[in-house]
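Throughout, a chain's letter reflects where its sequence line sits, starting with A, and its residues are numbered from 1.
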There are 2 protein chains.
Amino acid sequence: MAQKVKLSTIAEALGLSTATVSLALRDSPLVAEATRERIKEEARQSGYIYNRRAASLRTSKSGIVGVCVHDIMNPFYGEILKSIEDELDRHRQTFILCNHYDDLAKQRAFLDTLLQLGADGLILSPAIGTPASDIHLAETNDLPVTLIARTVEGSGVTSFRGDDTYGMSLVVRHLIEEGHRKIALIGGTEQTSTGRDRQRGYQNALEEAGLPVRPEWWIKGPRSRHSGFDAASAFLDLPDRPDAVVCFSDLVALGLMYGLSRAGLRPGVDIAVCGYDDIDEAAIAMPPLTTVSNGQSEVGHRAAGALLARLSGAPAVEQVELIKPELRIRRSSFLKHTGSEPPQS
Amino acid sequence: MAQKVKLSTIAEALGLSTATVSLALRDSPLVAEATRERIKEEARQSGYIYNRRAASLRTSKSGIVGVCVHDIMNPFYGEILKSIEDELDRHRQTFILCNHYDDLAKQRAFLDTLLQLGADGLILSPAIGTPASDIHLAETNDLPVTLIARTVEGSGVTSFRGDDTYGMSLVVRHLIEEGHRKIALIGGTEQTSTGRDRQRGYQNALEEAGLPVRPEWWIKGPRSRHSGFDAASAFLDLPDRPDAVVCFSDLVALGLMYGLSRAGLRPGVDIAVCGYDDIDEAAIAMPPLTTVSNGQSEVGHRAAGALLARLSGAPAVEQVELIKPELRIRRSSFLKHTGSEPPQS
DNA sequence: CTGAAAGCGCTTACAG
DNA sequence: CTGAAAGCGCTTACAG
């Protein structure tokens, strides 16, 4: 390639100083209108490319925000990411995405990279077992952190998530109102705050209705479509098999419905199935899936907003911001011979 | 936070020069073993963070690779990205992800960002209408590009994609062998090489079998699960309605199957449906989806490999590397009363 | 095996 | 309104 064009190249071509050129390109009012235009024109003509590394070295602002979640392919995170992207784009922050797949070492490597790049902030859905010290490391090195979806005790920072306990209790109450007495919970784990909170909501709703909580009716683990599918056989083998199921997530529910159908059990006819998250697919699934809207885009927007506030100097506060979920009743939670009419959708 | 630790902090603490410290931290054999250990220990103790911006300014290598696709949430790209991630991780390259949503301006903004950050390379699935000049801009500014999934004529660089024409002809031939004579094509667009090539494969197979190609049987547009779902009603309204459908992608097929079921038509019983890509979900779907494995992970690995080769000095070559697709026959492509037995899966 | 010095390309006070 | 100079934190020849 030709000789690299830099500020000084432009300055020389125009008989100006690099200081003036630098100011002009950033629209400083200190530079006369006419000069500014000449400079910009010259920059365009010469194919000048702004060197952010150099600028960043000088200013110690990089314009980079890291976003790290369990798996960006999961549509639940997808919707959160989309709203984060919106918000960050508007503030001309570049964002770097990373999957940690709940691997602490991978998450830590990403954190180190951000630190080395001098990133301005981090939005993190912490991997299972994330120590508060990892968050402190970031904060200590001028990298403000905002958490989403999960919480880390003692982290000293704010996290945004749905009110999982409340949300799960909504679905379970709905099933109870529809006359179900035997309700299984499929998926999730005690190792995440999400898993624990959703289980608590399930348990609360049952206890509230005076129904027993049978531990063997919680099939732990599944968190993906595929594992939901695999869980169908475990469910079918359950002692005193329930005729209603609430799943840890929509993905699990959709996979489970595939699995149940394959075994000849028809969701929404022979068995009631509910999900959690209200991803796009839930409304068009067959049968349409009863679920809980988890406010993903609100989580994303607010988390990004909070991080941007931190970037402009707001102090860190350890608190949990709970977004209120809403029940979405669809056909999958009804049986053929239930008294209630399933909604048309 | 405390005073920032830099190379010179360590050098002073140990009575050495920054040159020695710099070399030691990068394991240079020029530094005596003992000195190297002392330096590394001090770096650890003091919480030293390597400043990549500074290093990169000096060396003009950033360790950053950009990856930009239509939509990372699409499982088709998901599988490609996962294999790219593998490959880049192994070479300790940080990667920055971006969705362009087929918006040229967004893609261009990302390109500019990479240029400004001094990224080392770019793996791109070009947005519809990408001008060759955008690729040239990157290449001219020392940013090697490798294309995936789509091609840009005159770009001067290599692209890796499945052999879409061949792959699509495989599915259509399969349907023809099963006795179908009226086969619709749903989804895709003439505006992408993928859309054009898959349509050509569809057309080739029909012509080969002496079947007419009816333009009204191509429902253009759908490329997502939701639009596949919406396409069901357009399909149902088709003149002289076909009893077999091949879709542009698995996502479209899965959405379409939801839509058809809702209208009371049972895929794999009343109507044959095929997808394209063989995403994970295809095998567990209800009914299991006949599709074409598109070699996503091979595309990802080879594209990443080719980019890494470029980074170590390999020259750019304009060529298209076609990955050979494979037919995956499952239940969705059979009708209840067809002669053949659907496979057990 | 180690050090002194220059330089990567910006921005930021400070002068004028 | 514009310019001269220092400095961000590294790495890289070059000496010794």
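- Nucleic acid contact for B:Gly118: none, since no nucleic acid atom lies under 4.0 Å from a heavy atom of the residue.
- Within 4.0 Å (heavy atoms only), A:Ile49 reaches sugar-phosphate atoms of the nucleic acid but no base atom.
- Using a 4.0 Å heavy-atom cutoff across all strands shown, B:Thr35 reaches sugar-phosphate atoms only and no base atom.
- Taking OG of A:Ser193 as the start and CZ of A:Arg161 as the end, the distance is 4.0 Å to the nearest 0.5 Å.
- Under the 3.5 Å distance criterion, with hydrogens and angles disregarded, no donor-acceptor pair is assigned to the side chains of B:Thr158 and B:Glu321.
- Toward the 5′ end of DNA chain D lies the nearest nucleotide of A:Val31, the other residue of the pair A:Leu57 and A:Val31 mapping further downstream.
- Here B:Ala19 lies in heavy-atom contact (under 4.0 Å) with a base.
- A donor-acceptor contact closer than 3.5 angstrom links the side chains of B:Tyr101 and B:Asn99.
- Judged purely by distance below 3.5 Å, without hydrogens or angles, the side chains of B:Tyr48 and B:Thr9 never pair a donor atom with an acceptor atom.
- Taking every heavy atom of both residues into account, A:His70 and A:His100 meet most closely at CA-CE1, 3.3 Å.
- Using a 4.0 Å cutoff to heavy atoms of chain A, the contacted part of DNA chain D runs 5' to 3' from D:dC1 to D:dG9.
- Both distances falling under 3.5 Å, in either a Watson-Crick or a G-U wobble arrangement, place C:dA15 opposite D:dT2.
- Each of B:Ser56 and A:Arg58 has a nearest nucleotide on DNA chain D; the 5'-most of these lies closest to A:Arg58.
- Comparing B:Ser17 and A:Arg26 by the nucleotide of DNA chain C whose heavy atom lies nearest to each, the residue mapping closer to the 5' end is B:Ser17.
- If you check the side chains of B:Arg53 and B:Ser62, you find no donor sitting under 3.5 Å from an acceptor.
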